[in-house]
Amino acid sequence: MQEYFRNIWQGLSTVLTGMKITFKHLFVPAVTIQYPDVKVPLPERVRNRLYVNMDDCIGCDQCARVCPVNCITIETVKSVPGEDLGKTSNGKKKALWVTQFEIDIAKCCYCQLCVFPCPTECIYMTDVYEFSELERENLNFNFVTLSKEEILQKKENYAKLEAEKAAQKAAAAKPAVANPEQKPTDN
Amino acid sequence: MIFEFFADLLGSQILSAIIIAALPLVFIILYVLLANWLERKVSAHMQDRLGPMRVGWHGWLQPIADMIKILQKEDIVAKDADRKLFSAAPVLVFVGCYAAFAAIPFSSAFVGADLELGLLYILAVSSIVVAGILMAGWASNNKYALIGAVRSAAQIISYEIPTVFIILCIIIVSGTLNLTTLSEQQSGTFLNWYILGGDVEGWKKFALIPFMFIGFIVMYISSVAESNRTPFDLPEAESELVAGYHTEYSGMKFAMYLFAEYANMFVVSALVVAMFLGGYQSPFGYVGDLINVPWLIPIEQFFWFTVKGLFFVFVQMWLRWTLPRLRVDQLMALCWKYLIPIAFVNLLIISFLMIL
C-alpha cells in the first residue's frame with residue numbers, strides 16, 4: 001500500500017520535474033544557426049577554393065608541378081622584345097604570357113601545397129566554400145585574363161619572332177654555307 | 001441564441017442551422033493551423049531549436065503551405081486494402097471529433113446544440129473515433145495499422161472509465177449534464193470554478209477542493225490518453241509501428257487524421273475546461289459589465305474559453321515533448337491500477353460529502 005502511494009507520488013513528481021526542465025528550455029536561446037543568412041565564422045587558416053591573382057602571376061609553373069593531383073594546367077607563351085608585361089606587386093618582372101591557367105577544383109585536394117612555392121604569392125586559398133555545380137565541367141576554373149584573340153595574337157607574335165629568329169639564323173648560317181658557293185661565282 | 005440571430009437575419013431556419021454547423025468547422029480549421037504551428041514551435045524551442053522560420057514571420061504560414069502541399073498529393077489506396085472502409089475511416093474519425101464540437105459551449109451566445117445531456121453526448125460521440133480507427137487499421141490490410149488500431153481501441157475504451165467516473169463526480173456536485181448550465185453555475189470569479197469546489201455552500205466547498213483537484217488531474221491524464229497523444233501515443237508509435245493506424249494513408253485522408261487529432265485535443269481540453277475551470281466564464285468580471293456594453297460579454301466569453309482551451313492544448317504539447325512513450329503494460333497499469341481506483345474512491349468521497 002505504501003509502495004502504491006509512493007509510486008503515485010513518484011510518477012507525478014517526476015513528470016513535474018521533467019515539465020519544469022522542458023519549460024526552462026522553452027526560453028533558452030536556440031542553438032540553431034540560420035545557415036544561408038548567418039554563417040559560422042571560419043577558422044583563420046581554413047583551406048577552401050583556390051584563387052589566382054593573374055596580375056601577379058609570372059607563369060613559373062611551380063604550382064602546377066607541385067600539385068599532387070595535377071589539377072593545375074598552365075600554358076605560357078614567351079613575350080616578344082618590346083612588349084611590356086608590367087611588374088608583379090613584389091617587383092618581379094613578368095616575361096611570359098599566361099595563355100592557359102586552369103584549376104580543376106573537382107580534382108583539388110585542398111592540400112595548399114601550391115600556395116607555398118609561388119614566388120609572387122598570387123595563388124592562395126579563399127574562404128569560399130559554396131561553389132557546388134550541377135556539371136562537373138563547371139568546376140574547371142579558368143583564370144586567364146587574356147581574351148581568345150589576344151592569346152592567338154601572342155602565339156602568332158611569338159611564332160613570328162621564332163620564324164624571324166630562324167630566318168636570321170638561316171641568314172647568318174647561309175653566308176657560311178653560301179660563301180663557298182658564291183666564291184666560285186665571285187671568283 | 002446565435003441560432004435565433006441567424007434565423008432572424010436570413011429568414012430561414014435551415015440556412016441558419018447550416019451556418020451554425022459550419023462555424024465550428026471554421027474554428028477547427030483556424031485552430032488546427034494555429035495548433036500545428038504552435039506544436040512545431042513549442043517542440044523546437046523545448047529542444048533549443050528554432051522550428052519553421054522561413055515561411056512568414058517565424059514560419060507562421062508553414063501550416064498553410066503544408067496544407068497546400070498535402071492537397072496536391074496523390075491519393076494512394078493500397079492494392080489489398082478494403083477500399084470502402086479505407087475511404088470511410090478518416091471521415092468517421094473526423095466526424096467523431098467534429099460532432100463533439102456541437103455541444104461545446106464556446107460562449108453563452110454560441111452553443112451549437114444546447115443539449116441537456118451534453119456531457120454524455122460528447123462521450124458517446126467521441127467513441128465513434130474508436131470505430132473509425134479500428135476501421136482504418138482493418139481496412140489497411142497492414143500489420144502495423146492493425147496493431148495500432150487494436151492498441152488504440154484498447155486504450156480509448158480503458159481510459160473512458162476514469163473519465164466517466166470523474167464526470168460522475170461533477171454530475172453529483174453540479175446536478176446537471178448540460179454544459180451550458182455547468183458553465184453558468186461557475187459564473188462570477190474563479191472561486192466558483194469546480195476545481196475550487198464550485199458554488200457549493202459552507203465547509204463542503206473547502207472539503208471538496210482536494211478531491212476536485214484529484215479529479216481534475218485524473219480527468220486530464222485520461223483525456224490526453226484518449227486523444228492518443230504522447231506519452232500515450234502507442235497507437236501511432238512511430239518507432240515501432242511506422243505510423244500506427246494511418247500508416248497506409250496519404251494526401252487528404254492523412255490530413256483528416258491530423259485534423260481529427262488536433263480537433264480531439266481541443267475537445268478534451270474544452271471538456272476539462274467546461275467541467276473544472278469555469279467553461280467560458282471569465283476568471284474575474286467582464287469588461288462588458290464594467291462599461292455597460294452587454295453585447296461584448298459573449299465575445300469576451302469566447303475569448304476566455306479559447307484561451308483556456310488553448311492553454312490545455314499547450315499543456316498537452318508540453319507533456320508530449322517532455323515524456324517518453326509508455327509501454328503497453330505500463331499504459332494498462334496506469335489506467336486499471338491507478339486511475340480507475342483513484343477515480344472510484346474520489347467518486348465515493350465526493351458523493352459522501354454531497355450527501356452530508
Side-chain angles (χ1 to χ4, degrees), chain A residues 1-49 51 105-106 108 110 125-139 141, chain B residues 38-55 57-59 162 210 213-214 216-218 220-222 224-225 229-232 311-312 314-327 329-331 333-346:
Chain A
M1 202 63 200
Q2 216 181 351
E3 206 194 326
Y4 181 79
F5 285 109
R6 202 187 301 127
N7 275 347
I8 294 173
W9 169 246
Q10 219 168 35
L12 279 177
S13 61
T14 46
V15 165
L16 289 176
T17 316
M19 285 173 84
K20 205 171 84 187
I21 291 168
T22 41
F23 194 70
K24 268 187 203 157
H25 274 274
L26 207 51
F27 302 102
V28 170
V31 292
T32 310
I33 288 160
Q34 298 259 291
Y35 161 62
D37 300 339
V38 184
K39 285 176 185 170
V40 187
L42 291 167
E44 209 179 310
R45 288 162 59 189
V46 71
R47 303 200 302 252
N48 285 308
R49 193 172 78 182
Y51 181 74
I105 285 290
C108 179
Y110 304 95
M125 295 260 173
T126 55
D127 57 0
V128 183
Y129 53 89
E130 300 145 307
F131 50 97
S132 61
E133 293 284 350
L134 293 173
E135 297 294 329
R136 189 158 41 175
E137 288 73 41
N138 295 347
L139 282 169
F141 287 89
Chain B
L38 201 70
E39 171 107 56
R40 290 170 177 202
K41 290 311 253 188
V42 166
S43 69
H45 283 283
M46 277 178 176
Q47 298 166 354
D48 295 354
R49 295 183 289 118
L50 283 172
M53 289 292 279
R54 296 277 143 184
V55 197
W57 180 82
H58 278 242
F213 196 73
I214 291 170
F216 167 72
I217 302 258
V218 171
Y220 193 68
I221 292 172
S222 55
V224 171
R229 302 261 312 166
T230 321
F232 308 103
F311 174 75
F312 282 102
F314 167 74
V315 175
Q316 287 188 24
M317 292 173 185
W318 186 3
L319 276 169
R320 172 171 180 178
W321 298 103
T322 303
L323 300 173
R325 187 182 308 123
L326 267 69
R327 233 187 303 138
D329 63 317
Q330 288 170 336
L331 181 91
L334 178 68
C335 180
W336 294 95
K337 281 162 79 180
Y338 292 91
L339 292 184
I340 290 177
I342 291 170
F344 187 66
V345 171
N346 207 36

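Chain A is the first sequence line, chain B the second, and so forth, proteins listed ahead of strands; every chain is numbered from 1.
B/Lys337 touches chain A through its backbone: at least one of N, CA, C or O sits under 4.5 Å from a heavy atom, while the side chain does not. Residue B/Leu323 touches chain A through its side chain alone, counting heavy-atom pairs closer than 4.5 Å.
The interface of residues 27-34 of chain A with chain B, defined by heavy-atom distances below 4.5 Å, comprises A/Val28, A/Ala30, A/Val31, A/Thr32, A/Gln34. Listed by sequence position, A/Tyr4, A/Asn7, A/Ile8, A/Leu12, A/Val15 are the residues of residues 2-15 of chain A in contact with chain B, using a 4.5 angstrom heavy-atom cutoff.
The OG1 atom of B/Thr322 sits 10.5 Å away from the NE2 atom of A/His25 when rounded to the nearest 0.5 Å.
Across B/Trp321 and A/Thr22, no two heavy atoms sit closer than the pair O-CG2, 3.5 Å.
In this structure, B/Tyr338 places its OH atom where more than 12 heavy-atom neighbours from other residues, nucleotides or ligands lie under 6.0 Å away. By the neighbour-count criterion of 12 heavy atoms within 6.0 Å, atom CZ of B/Phe344 is sparsely surrounded, having that number or fewer from other residues, nucleotides or ligands. For A/Glu130, the CD atom is densely surrounded, since the number of other residues' heavy atoms within 6.0 Å is greater than 12. Within 6.0 Å of atom CZ in A/Arg45, 12 or fewer heavy atoms from other residues, nucleotides or ligands are found, so the atom counts as exposed in its surroundings. A 6.0 Å sphere centred on CZ of A/Arg136 holds no more than 12 heavy atoms belonging to other residues, nucleotides or ligands.
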